[in-house]
Novice: 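After the structure tokens below, expect a handful of questions from me.
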2 protein chains.
Amino acid sequence: MAKQKQDEGQAPKLTINDIARMAGVSKKTVSRVINRSPLLNRETRDRVETIIRDTGYVPNPQARALALGRNFLIGLVYDNPNVQMILSMQKGILEALHGTEFELVIRPVDRGSNLVMEDIRSFVTRQRLFGVVILPPMSENDALARMLDEEGCRYVRMGSAVLDDPEHMVASNDREAVADAVRHLIAQGHRRIGLIAGPHGFRSAQERREGFELALKEAGISLPRSLVADGQYTFESGLSASESLLDLSPRPTAIFASNDEMAAGVLYAARLRGIAVPEELSIIGFDDTPVTTRVWPPLTTVRWPIVAMGRAAALKLIGTAIGEDAEVNEPSMFSSTLIRRGSVAPPATS
Amino acid sequence: MAKQKQDEGQAPKLTINDIARMAGVSKKTVSRVINRSPLLNRETRDRVETIIRDTGYVPNPQARALALGRNFLIGLVYDNPNVQMILSMQKGILEALHGTEFELVIRPVDRGSNLVMEDIRSFVTRQRLFGVVILPPMSENDALARMLDEEGCRYVRMGSAVLDDPEHMVASNDREAVADAVRHLIAQGHRRIGLIAGPHGFRSAQERREGFELALKEAGISLPRSLVADGQYTFESGLSASESLLDLSPRPTAIFASNDEMAAGVLYAARLRGIAVPEELSIIGFDDTPVTTRVWPPLTTVRWPIVAMGRAAALKLIGTAIGEDAEVNEPSMFSSTLIRRGSVAPPATS
DNA sequence: CCGCTTCATGACACCGGTGTCCAATGGGGC
DNA sequence: GCCCCATTGGACACCGGTGTCATGAAGCGG
């Protein structure tokens, strides 16, 4: 079989034994070179390293995985409505992994299923993953974190709240970011501001809501229950949730939607009713997804550094593995920025 | 070490030896059961299978990978401007992989770099990938296909043209789909129809352009060079490309943009100039991405079954591995549908 | 100059599966 | 009752790395 393969023209893959033979040392010594063992004579190391470089030898990852009981694979676990976020996160993680021996394995799961936990467990144990990055809202599941601890699998949770566990977390401060956005509305003169909240059970939804309430409270503005509508982070839910707000009399002069998709829904609803944005209604979204610049007017929104957060998460995971000396001091908390576009104006003076 | 780990509370992982001992057979026999060898006594097989089920034993993928010289990993290679497409493709592939022992490893590459080929080669050989799915425009690279053949790595190329190699391809017929869309415009009475083409070097761009030209030719409509503008498949390029078309006098009454992002750009440009859509200008896009329903008016577009195509691609790859009997007869060619929304109307009768 | 420690290296078993090849077993034909 | 063959199961080596421990050489103090 092996010989046949060679005949077929594949590069005859080099093994550690070949290198050892060429260098006139034992395979263990080659292994030491590869793993940067400090117990090596300088000359021997240099000689072996030269041969490795010249031959282009790369250790077989499967064999290493077997011997070490651990793979050089990072898993990305998500169950998420936000397509843009998944892709940006992938981008960030892949940036960090680029040039290392790590690969990214992706794994969508069904949060609703009662098999999620077993599903993820078998994912990390079967493949002997080096570590996993968990996206919200799965990341808010503490039982999952405990399970991963038990299994001895490293993990980083992405979140949207003040950190309680910086070592295993990368988060953005959604509450403060939303408060800033709403302060901006208030500074423009708005007093009747509606909220389209995110789904129950999402930490980000709760944080954003609290930020909203915080800003109003600071300004001494009361928040009647009628100015709050529930959404599901989807365009359609934003569209329908905004109807109850736009039916109000007096109508709110501004609406904060807990994400851009829902903000786009508000904008769409406004157009259906002939309400001019931003003249008669100001809108602010959250996420800074591309849709904000495709619609008219472009939406004012809150941008969080999602790619950078993905990169940080990956570096936190692999940091201990690659740079022994290079201290891994990735920030755990990221702050967001209000991006001012065309969907906010002072309220009509009526 | 191993004992320590056990002390830490991890499930003491079962190996094939444990199963063999419990069943009172040799590990090779267990291996035969796992691999469905036909040379086994029925009773023995049943006994071993029962034990495997009861204990929940799962073979170590790393050990199998080492012994077999092949991993149960599918790679996804892309270098693509279309975010939506990547995610939908991932979705389709993951659907097909769900419940199998395969995992999906993703790998963005830089088409521009002269290291792409080596990059991909090391990706598939190092990890000993079972196979790869290649997204356009990388998939149009024949040298890449040859290289994968050489390396003995299975592959499926995603494309947008009539097939020349159904075994290694999954494609949509973009030319005919665009021709249909343009026929729709012509049927509405449009005669001056502009085209925003995709970037040079993209097969899909060329196919779509040919479909556009085909429909005009059928109707006996000539296509002056001025009615064609070059785009890059991005919103911004669509926005700026449409300017030259909208400056024309007489202005085109309809524009086909080679993808939705650029169509959104056309819509945005129209709004900036106060051109009413669809009354004064009809627009059709391609891809049926979410943005088409977020903007106003919602965009008429061409939908291609991208998730189904991803699923088909994955099944083509793994089909031979899982169902020996279940014939793998995934279709290789998919057709698209015109989705009529609000951005097309008959031209103003002037 | 000797014995001890320290450093550098190698022999060997092992990770958990799979392929090869041979032995044992049982049944059928004569 | 004997022999041959087909069927079934096991011993063993191997995939390509890593961990453990032993060994030999060099360094050092007394």
Side-chain angles (χ1 to χ4, degrees), chain A residues 1-6 10-48 52 55 57-72 101 125-128 130 321, chain B residues 1-6 10-49 52 55 57-72 101 125-128 321:
Chain A
M1 275 298 251
K3 275 177 190 169
Q4 272 191 21
K5 281 219 168 177
Q6 280 193 11
Q10 273 92 353
K13 300 220 177 64
L14 287 168
T15 76
I16 200 172
N17 289 306
D18 300 324
I19 303 299
R21 204 175 315 119
M22 295 168 84
V25 297
S26 75
K27 54 195 275 203
K28 182 61 212 183
T29 300
V30 179
S31 168
R32 288 203 182 91
V33 173
I34 296 170
N35 293 288
R36 302 220 167 69
S37 158
L39 318 158
L40 270 181
N41 186 329
R42 194 161 195 86
E43 290 171 32
T44 317
R45 173 190 307 281
D46 289 346
R47 182 156 39 98
V48 175
I52 289 181
T55 55
Y57 162 73
V58 210
N60 178 323
Q62 280 73 45
R64 300 188 71 186
L66 177 58
L68 290 168
R70 162 163 41 92
N71 226 324
F72 287 75
E101 56 195 330
T125 59
R126 278 187 49 123
Q127 292 295 330
R128 300 258 155 71
F130 183 90
Chain B
M1 273 300 251
K3 276 177 189 169
Q4 274 193 20
K5 282 218 166 180
Q6 279 193 14
Q10 274 92 351
K13 300 221 177 64
L14 288 168
T15 76
I16 199 171
N17 290 306
D18 299 325
I19 304 299
R21 202 176 315 118
M22 296 168 83
V25 298
S26 76
K27 54 193 274 201
K28 183 59 211 180
T29 302
V30 179
S31 169
R32 287 205 183 92
V33 173
I34 296 170
N35 293 288
R36 305 220 164 67
S37 158
L39 317 159
L40 269 181
N41 185 330
R42 192 160 196 86
E43 289 172 33
T44 316
R45 174 190 305 282
D46 288 346
R47 182 156 39 96
V48 176
E49 274 181 348
I52 289 180
T55 54
Y57 162 73
V58 208
N60 179 323
Q62 279 72 45
R64 299 188 72 187
L66 178 57
L68 290 168
R70 161 162 46 88
N71 226 325
F72 286 76
E101 56 196 329
T125 58
R126 278 187 49 124
Q127 292 295 330
R128 298 255 158 69

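Atoms considered below: every heavy atom in the structure, side chains included; atoms not considered: hydrogens, waters and symmetry mates. Order of the sequence lines sets the chain letters (A, B, ...), proteins ahead of strands, with each chain counted from 1.
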Novice: Looking at A:T44, I'd like to know whether one of its side-chain N or O atoms comes within less than 4.0 Å of OP1 or OP2 on C:dT9.
Specialist: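 Affirmative; the distance criterion is met.
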Novice: Which nucleotide in the set D:dT20, D:dG19, C:dG17 lies at the smallest distance from any side-chain heavy atom of B:P59?
Specialist: C:dG17
Novice: What's A:L66 touching, base or sugar-phosphate or nothing? Going by heavy atoms closer than 4.0 Å.
Specialist: base
Novice: Please list, one pair per line, the donor and acceptor atoms closer than 3.5 Å that link side chains of residues 61-68 of chain A to other protein atoms, with sequence neighbours excluded.
Specialist:
{"unit_1": "A:Q62", "atom_1": "NE2", "unit_2": "B:Q127", "atom_2": "O", "d": "3.2"}
{"unit_1": "A:R64", "atom_1": "NH1", "unit_2": "A:E101", "atom_2": "OE1", "d": "2.8"}
{"unit_1": "A:R64", "atom_1": "NH2", "unit_2": "A:N35", "atom_2": "OD1", "d": "3.2"}

Novice: Any idea which of D:dC15, C:dA8, D:dG17 is nearest the A:N41 side chain?
Specialist: C:dA8
Novice: For C:dG17, does OP1 or OP2 lie under 4.0 Å from any side-chain N or O of B:Y57?
Specialist: yes
Novice: For residues A:N71 and A:F130, report the shortest heavy-atom separation together with the two atoms involved.
Specialist: O-CB, 3.2 Å
Novice: If you compare all heavy atoms of B:S26 against all heavy atoms of B:A20, which two are closest, and at what distance to 0.1 Å?
Specialist: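 Closest heavy-atom pair between B:S26 and B:A20: C-CB, 3.7 Å.
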Novice: What is the separation between atom CG on A:L14 and atom C1' on D:dC15, rounded to the nearest whole Å?
Specialist: 15 Å
Novice: Search all heavy atoms of B:I16 against all heavy atoms of B:S31 and return the closest pair with its distance.
Specialist: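 Smallest interatomic distance, heavy atoms only, reads CD1-N, 3.8 Å.
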Novice: Looking at CG of B:N60 and OG1 of B:T15, how far apart are the two atoms once the value is rounded to the nearest 0.5 Å?
Specialist: 9.5 Å
Novice: Taking DNA chain D as the partner, which of residues 19-31 of chain B come within under 4.0 angstrom of it by heavy atom?
Specialist: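 Those residues whose heavy atoms fall under 4.0 Å from DNA chain D, taken from residues 19-31 of chain B in numerical order, are B:G24, B:V25, B:S26, B:K28, B:T29.
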Novice: Working to the nearest 0.5 Å, report the span between OG1 of B:T44 and CD of B:E49.
Specialist: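 CD of B:E49 is found 11.0 Å from OG1 of B:T44.
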Novice: Let me confirm one number: the OG1-CZ distance from B:T29 to B:R32, rounded to the nearest 0.5 Å.
Specialist: 5.5 Å
Novice: Taking CZ from A:R42 and P from C:dT9, how many angstroms apart are they, rounded to a whole number?
Specialist: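 A:R42 atom CZ is separated from C:dT9 atom P by 13 Å.
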Novice: To the nearest 0.5 Å, what is the distance between CE (A:M22) and CZ (A:R47)?
Specialist: 12.5 Å
Novice: Which protein N or O atoms sit under 3.5 Å from an N or O of nucleotides 23-26 of chain D?
Specialist:
none

Novice: When rounded to the nearest 0.5 angstrom, what is the spacing between CD1 in B:I19 and NZ in B:K27?
Specialist: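 The CD1 atom of B:I19 sits 13.0 Å away from the NZ atom of B:K27.
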Novice: For C:dT18, does OP1 or OP2 lie under 4.0 Å from any side-chain N or O of B:R64?
Specialist: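 For C:dT18, OP1 or OP2 has a side-chain N or O of B:R64 closer than 4.0 Å.
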Novice: What's A:N17 touching, base or sugar-phosphate or nothing? Going by heavy atoms closer than 4.0 Å.
Specialist: nothing
Novice: Here's a test of your reading of the structure: between A:R32 and B:A63, which maps to the more 5' nucleotide of DNA chain D?
Specialist: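 Taking each residue's closest nucleotide, the earlier one in sequence belongs to B:A63.
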Novice: Give one of base, sugar-phosphate or nothing for A:L40, where a contact means two heavy atoms less than 4.0 Å apart.
Specialist: sugar-phosphate
Novice: Would you say a side-chain N or O of A:N60 is under 4.0 Å from OP1 or OP2 of D:dC15?
Specialist: no
